[in-house]
Amino acid sequence: MNKLVAIVGPTGVGKTRLALRLAQKYNGEIVNADSRQIYRFMDIGTAKPTKEEQALVPHHLIDIINPDEDFSLATYQQLAYKAISDIQSRGKLPFLVGGTGQYVWAVLEGWLVPKVPPDIEFRRNLEQKAEDNADELYQELNRLDPVAARKIDPRNIRRVIRALEVSRQKPFSQAVGKAPPSFASSIIGLTMERKELYRRVDVRIDEMIRHGFVDEVKKLIGMGYNLTLPAMSSIGYREIGQYLQGKMTLEEAVYKMKTGTHRFIRHQYAWFRLKDERIRWFDTASVSVEELEEVVKHG
RNA sequence: GCCGAGGUAGCUCAGUCGGUAGAGCAGUAGACUGAAAAUCUACGUGUCCCCAGUUCGAUUCUGGGCCUCGGCA
């Protein structure tokens, strides 16, 4: 059976470094599972592996679209499966590396994502409707698909609208499922004491600023990428963008970038749970490379 | 030194016409199937600067002290 090694965990723990090391040693290739590193021109703020690092081992799904192009879970999943089977067919070992829980599990668990592409106009319409009567939308979902309605918070308009969008064709709750992929996965989780992790990402953010992050955002805006784009709503890009528009000081923007990253880390731990037995957790402070190599060698 | 403003949650501040207090942010937990670094939900915490007085009762009123920030010297 084909194999795959996943490396997961919160931002800033050292996934990139470890992946490079293991992939080099075990004839591997890296498949990115970070929802922001797929965008071109967004390098500093996404902590994307450098060109030099990317040259050490083949990388997939990095820099694949422009910041104003549509992207989604379904697209990601298709591309990831393609990359994985391609790597395996060449006799090499794929390393799925990234902190986007939704993407990682969609690949590892084989989610059946409803084949209903986003309908922008439909969404816009309902969003408008929701502004004065959100409950009406929820009631409609309740009529079309009571099972889904029970699981979705009426106040989470975005999810209500997506469920309605799918349910026009088939009840949302029946359109989802899982079909485990045909490869065996070993999942390595990297973790670190929370306070220390916060401290490290704070330092990393200060470094980003020193290394020209503000210019990176300025350049993106100059290229016409509006702050309302999903890509530009990424942590840091949003705040620095607002600073560039004169809406806050640089100091405030950096502070918000840091606390936003802390919140993000907490959310990542909701996707990658320390008590999830499928994940082999290692504390970066104390783990030895040999232990991790064992996991790759023997699964 | 004098005049003014203020000292309440980790931070910024609101408030109590005297009955021991509350928002935002931060923090913590949860949801998540074509926007996911998005979106949504839930939850702490307090010698109300200190001392004395008045009062059944003071964070609130009175007096004194300490500290901070403005202005004048």
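Owing to the predicted nature of the structure, the values given are computational and were not obtained by experimental measurement. The chains referred to below are lettered A, B, ... by the order of the sequence lines, with proteins before strands, and numbering in each begins at 1.
- Atom-to-atom, CD1 of A:I265 to C1' of B:A26 comes out at 14 Å; the value is rounded to the nearest Å.
- B:G34 atom C1' lies 12 Å from atom CG of A:D119, rounded to whole Å.
- The residue A:Q174 sits apart from the nucleic acid: no heavy atom pair falls under 4.0 Å.
- Backbone-only contact: A:T259 has heavy atoms under 4.0 Å from sugar-phosphate atoms and none from a base.
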Kindly give the atom pairs (protein nitrogen or oxygen, nucleotide nitrogen or oxygen) under 3.5 Å for nucleotides 28-32 of chain B.
| from | atom 1 | to | atom 2 | distance (Å) |
| --- | --- | --- | --- | --- |
| B:U28 | OP1 | A:Y198 | OH | 3.3 |
| B:U28 | OP2 | A:Y198 | OH | 2.5 |
| B:U28 | OP2 | A:R266 | NE | 2.0 |
| B:U28 | OP2 | A:R266 | NH2 | 3.2 |
| B:A29 | OP2 | A:R194 | NH1 | 3.3 |
| B:G30 | OP1 | A:R273 | NH1 | 3.0 |
| B:G30 | O6 | A:H267 | NE2 | 3.3 |
| B:A31 | OP2 | A:R273 | NH2 | 2.2 |
| B:C32 | O3' | A:R159 | NH1 | 3.2 |
| B:C32 | N3 | A:W271 | NE1 | 3.4 |

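- A:R36 comes within 4.0 angstrom of a nucleotide base, judged by non-hydrogen atoms across all strands.
- For the residue pair A:Y269 / A:T191, a side-chain donor-acceptor distance below 3.5 Å is found, with atom types taken as modelled.
- Side chains of A:Y76 and A:Q102: no donor on one and acceptor on the other come within 3.5 Å.
- Rounded to whole Å, the distance from CZ on A:R263 to C1' on B:U39 is 12 Å.
- Side chain A:E127 to base B:A35: a donor-acceptor pair is found below 3.5 Å.
- Nearest-nucleotide mapping onto RNA chain B: of A:V176 and A:G99, the residue sitting toward the 5' end is A:V176.
- B:G18 is unpaired under the Watson-Crick or G-U wobble criterion, no partner having all donor-acceptor distances under 3.5 Å.
- Of all nucleotides present, none satisfies the Watson-Crick or G-U wobble test against B:U59 with each distance under 3.5 Å.
- The CZ-P distance, from A:F71 to B:A36, rounds to 9 Å in whole Å.
- Taking atom CD1 of residue A:I157 and atom P of nucleotide B:C40, one finds them 9 Å apart after rounding to whole Å.
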N/O donor to acceptor pairs below 3.5 angstrom from side-chain atoms of residues 103-115 of chain A, sequence neighbours left out:
| from | atom 1 | to | atom 2 | distance (Å) |
| --- | --- | --- | --- | --- |
| A:W105 | NE1 | A:W271 | O | 3.0 |
| A:E109 | OE1 | A:W111 | NE1 | 2.8 |
| A:E109 | OE1 | A:K178 | NZ | 3.4 |
| A:E109 | OE2 | A:R278 | NH1 | 2.6 |

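- Applying the Watson-Crick and G-U wobble criteria (two distances, each under 3.5 Å), B:A73 pairs with nothing in any strand.
- Side-chain atoms of A:S234 and A:R36 form a donor-acceptor pair, as typed in the model, at a separation below 3.5 Å.
- Base contact: A:G177 has a heavy atom under 4.0 Å from a base atom.
- For A:E140 and A:R143, the salt-bridge test fails: no basic side-chain N is under 4.0 Å from an acidic carboxylate O.
- Remark: the A:R204 side chain and the A:T11 side chain contain an N/O donor-acceptor pair separated by less than 3.5 Å.
- Atom NZ of A:K256 is separated from atom C1' of B:C25 by 9 Å (rounded to the nearest Å).
- Heavy atoms of A:T46 sit under 4.0 angstrom from at least one base atom.
- Panel note: side chain A:K3, backbone A:L93; no donor-acceptor pair is recorded below 3.5 Å.
- Shown here, B:C25 forms a base pair with B:G10; the pair counts as Watson-Crick or G-U wobble because both key distances fall under 3.5 Å.
- You'll find that the side chain of A:D153 is closest to B:C40, out of B:G34, B:A26, B:C40.
- At the heavy-atom level, A:G45 lies under 4.0 Å from base atoms of the strands shown.
- Side-chain contact between A:P94 and A:E29 is absent, with no heavy atoms from C-beta onward closer than 4.5 Å.
- At the heavy-atom level, A:D34 lies under 4.0 Å from base atoms of the strands shown.
- The distance from atom CD of A:Q78 to atom C1' of B:U33 is 13 Å, rounded to the nearest whole Å.
- Between the C1' atom of B:C25 and the OH atom of A:Y255 lies a distance of 6 Å, rounded to the nearest Å.
- Look at A:Y103 and you'll find a side-chain N or O under 4.0 angstrom from OP1 or OP2 of B:A36.
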